[in-house]
Amino acid sequence: MNNTICKNGYFGEFGGRFIDEKLAQEFEKIEKAYEEFKNNIEIQKEYEEILKHYVGRPSPMYFAKNLSKKYGAQIYLKREDLNHTGAHKINHALGQALFAKKMGKTKLIAETGAGQHGVATATAATLMGLKCDIYMGEIDIIKEKPNVDRMRILGANIIPVSEGTKTLKEAVDKALEAYTKEYETALYAIGSVVGPHPFPTMIEDFQSIIGKEAKEQILEMTGKLPNHIVACVGGGSNSIGLFSAFLNDENVKIHGAEPLGKGHKLGENAASLTYGKKGIIHGFKSLILQDEEGNIAPAYSIASGLDYPSVGPKHCYLKEIKRATYELINDIEAVDAFYELSKEEGIIPALESSHAVALGIKIAKEAKSNEIIVINISGRGDKDIEFIMKNYPKN
Ligand SMILES: *Cc1c(COP(=O)(O)O)cnc(C)c1O
């Protein structure tokens, strides 16, 4: 990418738009179309109706009384795991599908690693009557068979990628290559608050419903704002969705749980806010896990939805201005929290969300008994059950 073009859409020095000259005009168009989409009351109503009747929003806020009693704080769970398809990703998948349709596009293009983003995108494409091409590494296709089957049932076209390591990185390359040829009729559906402007803002807008609901619900249930809000951070969409409503409430402490994986060394974790260095990845400026020479390092987490080597630009900014703190949770702590929430409350969380649960419990142990903690349960754990039983069985 020699010709880099950068416009507005910065969070401090992070974000922007670093793309091929060929796509620059298309992104101008996307930016303008999104402004119209966002300000069109009819369209926004249409999106809200879909969230209500198809996704099942508002998702509940649940007072976790067993956990609260055990750890000595008032712990509340925002239940994104109860959404249709079982996670928060459907919020932005449907938003982007509706946007693509309003732009007159006929297809969504996406890549997927573990398949969660692929399933959400395939679902949204089906609902909106769009074609859907999902690029996926050949190894991931074998590993993630249930999600591949789901996408096929939903009518998506799975395009196997056989280059390189045959996993997510090559799938991204191939999907971008296809998009560069097909952008006139297709929209690239992004999986988190990442990518070139305006995608980080657009995805945040679609996920901000989490925070809006959470704020209303907690005020109604307790008459107070929470002392702490907690979410896991992969690319950063479910967390930004929760955080966005509370940014101006100075007394609400904002915590992101970053995946420490197996340890602190490069390649052992996916904690880009903690260990990342500034650089440009996938069309935006951010903190990136990289080696001394600036090569992007492989990211690892037990939760495949968290193993991205970078993070949304707004998180970098929130960290810099100290509005949010990002704390490390390793694989074992996440697995313990997975069991803890299952056994105490009868809720099996996704391994991604288990990172937030683990951090929420740590905060609760330090908190006074009347302090309110809201933890975002970004998704349900059904997809992780086979893996857990095989690798971390417990009786
Ligand atoms: C994909 C995923 C995540 C991580 O993505 P963010 O953009 O950081 O929210 C977290 N939880 C679940 C359940 C996921 O599927």
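First listed ligand is number 1; within each ligand, the first listed atom is number 1. A quick note: this is a predicted structure, and the numbers were derived from the prediction, not measured.
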Protein heavy atom at shortest distance from atom 11 (N) of ligand 1: Ser378 OG, 2.7 Å
Write out the residue and atom name of the closest protein heavy atom to atom 4 (C) of ligand 1, then the distance separating them to 0.1 Å. Gly305 O, 3.3 Å
Could you tell me which atoms of ligand 1, counted from 1 in the order shown, lie closer than 4.0 angstrom to a heavy atom of Gly234? 8 (O)
Under a 4.0 angstrom heavy-atom cut-off, which atoms of ligand 1 come close to Cys232? 10 (C)
Gln207 touching ligand 1 at heavy-atom level, < 4.0 angstrom: no
Polar contact flag for [X] and ligand 1 (N/O pairs, less than 3.5 Å):
{"X": "Val233", "result": "no"}
{"X": "Ala350", "result": "no"}
{"X": "Gly191", "result": "no"}
{"X": "Ser192", "result": "yes"}
{"X": "Ser353", "result": "no"}

Minimum non-hydrogen distance to atom 14 (C) of ligand 1, winning option of Lys89, His92, Glu352: Lys89
Regarding Lys215 and the six-membered ring of Phe246, is the cationic atom NZ or CZ under 6.0 Å from the ring centre and inside 45° of its axis? yes
When you compare the side chain of [Y] with that of [X], does any pair of heavy atoms fall below 4.5 Å?
{"X": "Thr180", "Y": "Asp20", "value": "no"}
{"X": "Glu49", "Y": "His53", "value": "yes"}
{"X": "Ile363", "Y": "His255", "value": "yes"}

Test of understanding: given a 4.0 Å heavy-atom threshold, classify the contact between His117 and ligand 1 as side chain, backbone, both, or neither. neither
If only side-chain N and O atoms count, and only distance matters, is there a donor-acceptor pair under 3.5 Å linking Gln116 with Asn147? yes
Ring geometry between His84 and Tyr54 (parallel below 30°, tilted from 30 to 60°, perpendicular above 60°): perpendicular
Between Tyr10 and Tyr317, is the gap from one ring center to the other below 6.0 Å? no
Candidates Lys78, Gln217, Glu345, Arg79 - the one meeting side-chain hydrogen bond (donor to acceptor under 3.5 Å, both in side chains) with Tyr62: Glu345
